[in-house]
A.B. asks: 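Let me begin by handing over the structure; questions about it come next.
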2 protein chains.
Amino acid sequence: MNKNKNQLPNNTNSGSRNLGRLIMQLRRLERKPHHFGTAGPLTPSEIHTVEAIGTEGDVLMSELAMRLGITKGAVTQLITRLEAKELVKRSPHPNDSRGILISLTEKGKDAYIAHEEVHFQFYNQLRLQLSEQEIEVFEKCIDKLNNFLQK
Amino acid sequence: MNKNKNQLPNNTNSGSRNLGRLIMQLRRLERKPHHFGTAGPLTPSEIHTVEAIGTEGDVLMSELAMRLGITKGAVTQLITRLEAKELVKRSPHPNDSRGILISLTEKGKDAYIAHEEVHFQFYNQLRLQLSEQEIEVFEKCIDKLNNFLQK
DNA sequence: GCATTTAGTTAAGTAACTATACTTTTTTTA
DNA sequence: TAAAAAAAGTATAGTTACTTAACTAAATGC
């Protein structure tokens with residue numbers, strides 16, 4: 001009845017299982033702090049926040065909350081921590097005195113670039129083991145996956 | 001100098017960026033509890049633990065810690081919680097009285113199967129949007145990715 | 001037969017949140 | 001235009017999911 005997976009070849013579910021394994025690996029990685037550039041060790045949340053601000057900067061707290069998919073309260077805590085580490089700075093919004101604009105300091109930009117570099121190197125290593133067409137297909141799949149998870 | 005990414009075509013880094021987006025989506029998903037089968041709401045850690053035990057069961061606590069990539073202490077806490085929810089049960093190891101074997105109860109197996117079904121349905125939806133060759137390439141990529149992250 | 005290793009537990013501490021209540025502005029609307 | 005509603009950010013207490021370190025008890029290794 002609801003065991004329709006048994007009507008398909010045996011290996012059909014192995015992809016699903018590997019995807020599960022990937023999720024577990026990411027869970028593990030997303031737990032320990034790492035060094036990026038001249039900044040000390042940054043927790044995953046911290047570096048993701050730096051990434052979400054970006055080198056162009058001037059992002060509202062609420063915009064940041066939306067980008068990171070967390071509450072405003074969580075963003076306040078993160079930014080306070082990152083400000084203490086001198087990776088970001090708060091500045092008043094010129095037109096709306098409720099708003100606060102966040103941007104990266106030089107040290108923050110340095111961490112941002114170092115993090116981008118890690119991503120880039122990682123992806124390059126993957127690229128070495130795959131053909132150009134395969135990479136293309138992979139990126140298409142990642143994109144589809146992203147659209148799915150949007151919901 | 002270290003901005004070698006600029007020597008490559010513009011879209012070279014978009015894959016890396018999409019992979020980053022995927023990680024953010026997973027972070028978000030891996031935070032809120034969901035229902036699986038007849039069990040009440042289960043946190044991501046809880047259902048991952050159920051998954052790691054599997055329907056065959058009789059897994060040592062330490063083996064579980066290794067599978068989940070967490071410490072023994074964390075496993076003790078998880079299993080205590082899952083035992084209270086009646087999804088797993090502890091039994092003494094027949095030969096080694098230090099060891100404790102964990103297995104799923106009927107309710108636990110039910111949650112396991114419901115979770116597998118979610119994975120399966122999800123993967124099937126992805127399959128609908130891709131050709132068979134594309135799926136094959138995708139799985140190969142996921143596998144490479146897994147091997148990378150192993151370190 | 002004692003030292004070491006291995007299995008598991010306990011307790012305290014941390015990171016990363018959420019929920020809720022609050023203040024201060026801005027916007028809406030009646 | 002005054003009052004109500006909405007929006008931006010903060011503060012605080014609580015939760016989840018861990019880790020670390022110290023512990024007990026049983027097994028293994030000379």
Side-chain angles (χ1 to χ4, degrees), chain A residues 23-34 40-53 58-85 88-103, chain B residues 23-34 40-53 58-85 88-103:
Chain A
I23 289 174
M24 294 295 273
Q25 300 247 30
L26 289 176
R27 272 174 81 85
R28 189 167 47 77
L29 280 183
E30 287 290 305
R31 225 148 51 206
K32 45 192 169 198
H34 292 283
L42 297 181
T43 66
S45 290
E46 286 169 352
I47 194 63
H48 283 314
T49 306
V50 165
E51 194 186 9
I53 295 166
D58 282 355
V59 188
L60 279 174
M61 296 289 274
S62 43
E63 163 68 14
L64 215 41
M66 208 168 58
R67 287 190 195 173
L68 293 167
I70 58 180
T71 60
K72 295 182 301 167
V75 173
T76 298
Q77 294 168 50
L78 270 165
I79 291 300
T80 302
R81 203 144 33 97
L82 285 175
E83 205 176 25
K85 290 189 176 185
V88 310
K89 65 173 194 287
R90 287 174 156 106
S91 5
H93 191 288
N95 308 325
D96 186 340
S97 52
R98 292 171 307 177
I100 289 184
L101 294 172
I102 308 298
S103 53
Chain B
I23 289 174
M24 293 297 272
Q25 300 246 31
L26 290 175
R27 269 174 83 84
R28 190 168 45 78
L29 281 182
E30 286 290 306
R31 225 148 50 207
K32 45 192 171 201
H34 293 283
L42 298 181
T43 67
S45 289
E46 285 168 354
I47 193 63
H48 283 313
T49 306
V50 166
E51 195 186 8
I53 296 165
D58 282 355
V59 187
L60 281 173
M61 296 288 274
S62 43
E63 163 68 13
L64 214 42
M66 208 168 58
R67 287 191 195 174
L68 292 167
I70 57 180
T71 60
K72 297 178 302 169
V75 173
T76 298
Q77 294 167 45
L78 268 164
I79 292 300
T80 302
R81 201 143 34 98
L82 286 173
E83 204 175 27
K85 289 189 175 185
V88 309
K89 66 171 192 290
R90 285 173 157 106
S91 3
H93 191 286
N95 308 327
D96 186 340
S97 50
R98 291 170 306 175
I100 290 185
L101 294 173
I102 307 298
S103 54

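Note that the structure is a prediction, hence the values are computed from the model and not measured. Below, read A as the first sequence line, B as the second, and so on, with proteins coming before strands; counting in each chain starts at 1. Heavy-atom basis, side chains included; hydrogens, waters and symmetry copies ignored.
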A.B. asks: Please tell me which of A:S62 and B:E46 maps to the more 5' nucleotide of DNA chain D, matching each residue to the nucleotide holding its nearest heavy atom.
C.D. replies: A:S62
A.B. asks: When you get a sec, tell me which of C:dC17, C:dT26, C:dG8 is the closest nucleotide to the side chain of B:T76?
C.D. replies: C:dG8
A.B. asks: Provide, to the nearest angstrom, the distance between the CG atom belonging to B:L68 and the C1' atom belonging to D:dT16.
C.D. replies: 16 Å
A.B. asks: Can you tell me the distance, in whole Å, between the CD atom of B:E83 and the C1' atom of C:dT9?
C.D. replies: 13 Å
A.B. asks: Is there a side-chain contact between A:T43 and A:R81, using heavy atoms and a 4.5 Å cut-off?
C.D. replies: yes
A.B. asks: Using five pairs at either end of the helix from C:dG1-D:dC30 to C:dA30-D:dT1, determine the angle between the two local helix axes and round it to 10 degrees.
C.D. replies: 20°
A.B. asks: Looking at A:T71, I'd like to know whether one of its side-chain N or O atoms comes within less than 4.0 Å of OP1 or OP2 on C:dC17.
C.D. replies: no
A.B. asks: Below 4.5 Å, heavy atoms only, C-beta onward: do B:I102 and B:E83 meet side chain to side chain?
C.D. replies: no
A.B. asks: Could you state the atom-to-atom distance from CD1 of A:I70 to P of C:dA19 in whole Å?
C.D. replies: 13 Å
A.B. asks: Could you tell me whether the side chain of A:S45 reaches within less than 4.5 Å of the side chain of A:L78, counting heavy atoms only?
C.D. replies: yes
A.B. asks: Let me know the distance between CD of B:E63 and P of C:dG8, rounded to the nearest Å.
C.D. replies: 10 Å
A.B. asks: Starting at CD1 of A:I79 and ending at P of D:dA8, how long is that distance when rounded to a whole Å?
C.D. replies: 16 Å
A.B. asks: If I take atom CD1 in residue B:I100 and atom P in nucleotide D:dA27, what distance separates them, rounded to the nearest angstrom?
C.D. replies: 13 Å
A.B. asks: Kindly say whether, by distance alone, the side chain of A:Q77 makes a donor-acceptor pair under 3.5 Å with the base of C:dT18?
C.D. replies: yes
A.B. asks: Taking all atoms of both residues into account, what is the closest heavy-atom pair of A:R67 and A:E63, and its distance?
C.D. replies: NE-OE2, 2.7 Å
A.B. asks: Could you report the tightest heavy-atom contact between A:T49 and A:I79, atom names first, then the distance?
C.D. replies: CG2-CD1, 4.1 Å
A.B. asks: Is there a donor and acceptor pair, one atom on the side chain of B:R98 and one on the base of C:dT6, closer than 3.5 Å?
C.D. replies: yes
A.B. asks: So which one's nearest nucleotide on DNA chain C is more toward 5', A:A74 or B:M61?
C.D. replies: B:M61
A.B. asks: Examine C:dT9: is either OP1 or OP2 under 4.0 Å from a nitrogen or oxygen in the side chain of B:T80? Give yes or no.
C.D. replies: no
A.B. asks: Which part of the nucleic acid, if any, lies within contact of B:G73, taking any heavy atom under 4.0 Å across all strands shown: a base, the sugar-phosphate backbone alone, or nothing?
C.D. replies: base
A.B. asks: Quick one: A:R31 CZ to C:dA15 C1', roughly how many Å, whole number?
C.D. replies: 12 Å
A.B. asks: For A:L78 and C:dT14, give me the distance from atom CG to atom C1', rounded to whole Å.
C.D. replies: 14 Å
A.B. asks: Taking only side-chain N and O atoms of B:R81, does any of them lie within less than 4.0 angstrom of OP1 or OP2 on D:dT15?
C.D. replies: no
A.B. asks: To the nearest 0.5 Å, what is the distance between CG (A:D96) and CG (A:L60)?
C.D. replies: 8.0 Å
A.B. asks: Between B:R27 and A:E30, does any NZ, NE, NH1 or NH2 come within less than 4.0 Å of an OD or OE carboxylate oxygen?
C.D. replies: yes
A.B. asks: Please determine whether a side-chain nitrogen or oxygen atom of A:R28 lies at a distance below 4.0 Å from atom OP1 or OP2 of D:dA17.
C.D. replies: no
A.B. asks: Pick the nucleotide of DNA chain C nearest each of A:N95 and A:V75; which residue has the one closer to the 5' end?
C.D. replies: A:V75
A.B. asks: Give a yes/no on whether any side-chain N or O of A:S45 is located under 4.0 angstrom from OP1 or OP2 of C:dA15.
C.D. replies: no
A.B. asks: Identify whether any heavy atom of B:S97 sits under 4.0 Å from a base atom; if not, whether one sits that close to sugar-phosphate; answer base, sugar-phosphate or nothing.
C.D. replies: sugar-phosphate
